[in-house]
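Just so you know, these numbers use all the heavy atoms, side chains as well, and skip hydrogens, waters and symmetry mates.
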Amino acid sequence: MTRTLQNDSSIEDQVRICKARAEAEGWEVVQVYTDHGISGASMLLRPGIQALMHHSQMSMFDIVMTEGLDRLSRDQEDVAGIYKRIKFAGAEIYSLSDGGIVSEIHIGLKGTMNALFLKDLAIKTHRGLSGRVEKGKSGGGICYGYKVLKQLSANGELERGEREIIPEEANIVRQIFKDYAAGVSPKKIALKLNSDNIPCPSGKAWGASTIYGNRRRGTGIINNELYIGRLVWNRQKFIKDPDTGKRVSRLNPSDEWQVTEVPHLRIIEQALWLKVKDRQKALDEKPNLQSKRRPPNLLSYLLKCGCCGGGISMVSAERYGCSTSRNKGTCANRLTIRKDALENTILNGLQKHLMKSELIDAFCEEYTKHINTLRKARYSKIDRYKKELVKLAKDKENIIEAIKNGIPASEIKDSLMAIANRRDSIEAYLKEQDEPQVLLHPSMAKRYQQEIKSLRVSLNKEESRTEAAELLRGLIDRIVLTPKACGKEYTVDLHGDLAGILSIATGREKKITEYDPLLEQISSVSEQLECVDFLNESTFKGKMVAGAGFEPTTFGL
């Protein structure tokens, strides 16, 4: 039984009526799946529906009961996918609002209706916000330097959307514009704001991007036209990525933008605004040395600071350092490390320590236990169905014998047809069941080490360097650099990407990226993995944490 609604009391009510119906039907409720406070527009980011789908493959239930199909998902593709997988697992979906077992007709019609409902809701919401913006009110979101007022109208109704300038924040905005117009870089402006302990709009630390943002999209302090009394709305729209379920922005054509003059909200004088725009234009006209996209370094975007959790990037031609410390000044980690020393350390760790044979033995043992558990659950249902086939055959013989003894066939025709239909359904299910494929073998540790050795060689060849680098990067989830107590050395924690590692180790070209709670059962293996200390040629001491990437929320088998 499953339910998803954003209102907690509504969830409880609908779980209650589903349980009442199950009790009336004489069904046992084995599990309740809910996603509190999460939209039903996508199933990708909902742990409840993901658990439901996984348990269906383990044959943990025969019927999924829901108040309505839109409670599973309002997305047509998701609803169809859920239905196909539940049916493949030999179970059914029971919808209270649809009056019983769901069929392909329900999926088609209800899926279309739910999709139209979402589209209609979006149109009405957009229309309402457009009307508010036309009156000079807020169309959503909080803008630094202002607060949104809540006040009563003449007839006593609560009105929202009116803005008011916050004097203290307005002064900070003016100082940012003055500093930028005077030639101060956004990074230095952010460093000064952080050193003065001035809160950032996001509640975190100021960064250079908070200052300069994106001029085309109107983001960033120095691009916000509300500061000169112009409210620009509908500059961009947000749509959901069908692969990730996350919202991504798209810039609308300029003729679709809605501009409203709100002079009472002006903070920046026109002369200062134009001076800032002139400096931006002058910078645009300078040659861009980074216009040609350079290939990323071997460890680009994988390095994290162990002190603040921020990224670590190149701070000079040959050294890595904490980006947060350099750009925001809020991290005390000022230690840097040579690029070649760090790369050699990571490559040695990948080849020698991340796939030690004793660790692979432990992993394969846990994997085998999990496979046996799945097989036991799967084949218990198969055995149950086989026994039911034998019973159906006996029931059929009894009916035929009854016809021979003189009972009219018309009186028992329906019973005979029910037996035939049930037999066909079971036989179709059993025909689709295949033996689970064996994915892992203990000898994969040796193969993995050989493959890494070959990739290291390929890094030194011009024609294969890019491909080898991408493959090696695919084996790493993240690398955490933490300064030791002495302040002169880094401790390096290498977190391997399980999907990439197994892809190399088993000789498969395609990554394994489907979520599987198998990793929840083998996560204890990570706690048994050893840390190996070693000294490299540049007297940089490091520590490799083998297997730290065995994380159930990211990859599975």
message = Would you compute the distance between atom NZ of Lys387 and atom CD1 of Ile426 and round it to the nearest 0.5 angstrom?
response = 13.5 Å

query = Quick one: CD on Glu388 to CZ on Arg422, what's the gap to the nearest 0.5 Å?
reply = 4.0 Å

Set of residues satisfying side chain to side chain donor-acceptor pair (under 3.5 Å) with respect to Glu162, sequence neighbours excluded = none

task = Determine whether the side chains of Ser130 and Gln258 contain a donor N or O and an acceptor N or O closer than 3.5 Å.
result = yes

Ignoring hydrogens and angles, tell me if any N or O in the side chain of [X] forms a donor-acceptor pair with the backbone of [Y] under 3.5 Å.
X      : Y      : answer
Ser249 : Lys237 : no
Thr219 : Asn214 : yes
Asp62  : Ala91  : no
Arg85  : Gly81  : yes
Trp257 : Val232 : no
Asp120 : Leu116 : no

query = Mind checking whether His55 and Tyr33 have parallel, tilted or perpendicular rings, split at 30° and 60°?
reply = tilted

query = Is there a side-chain contact between Ile346 and Leu299 (heavy atoms, below 4.5 Å)?
reply = yes

ask   = Do the side chains of Leu96 and Cys18 get nearer than 4.5 Å, heavy atoms only?
value = yes

message = Enumerate the ring-ring contact (aromatic ring centres under 6.0 Å, His included) contacts for residues 113-133, please, sequence neighbours excluded, ordered by first and then second residue.
response = His126-Trp233

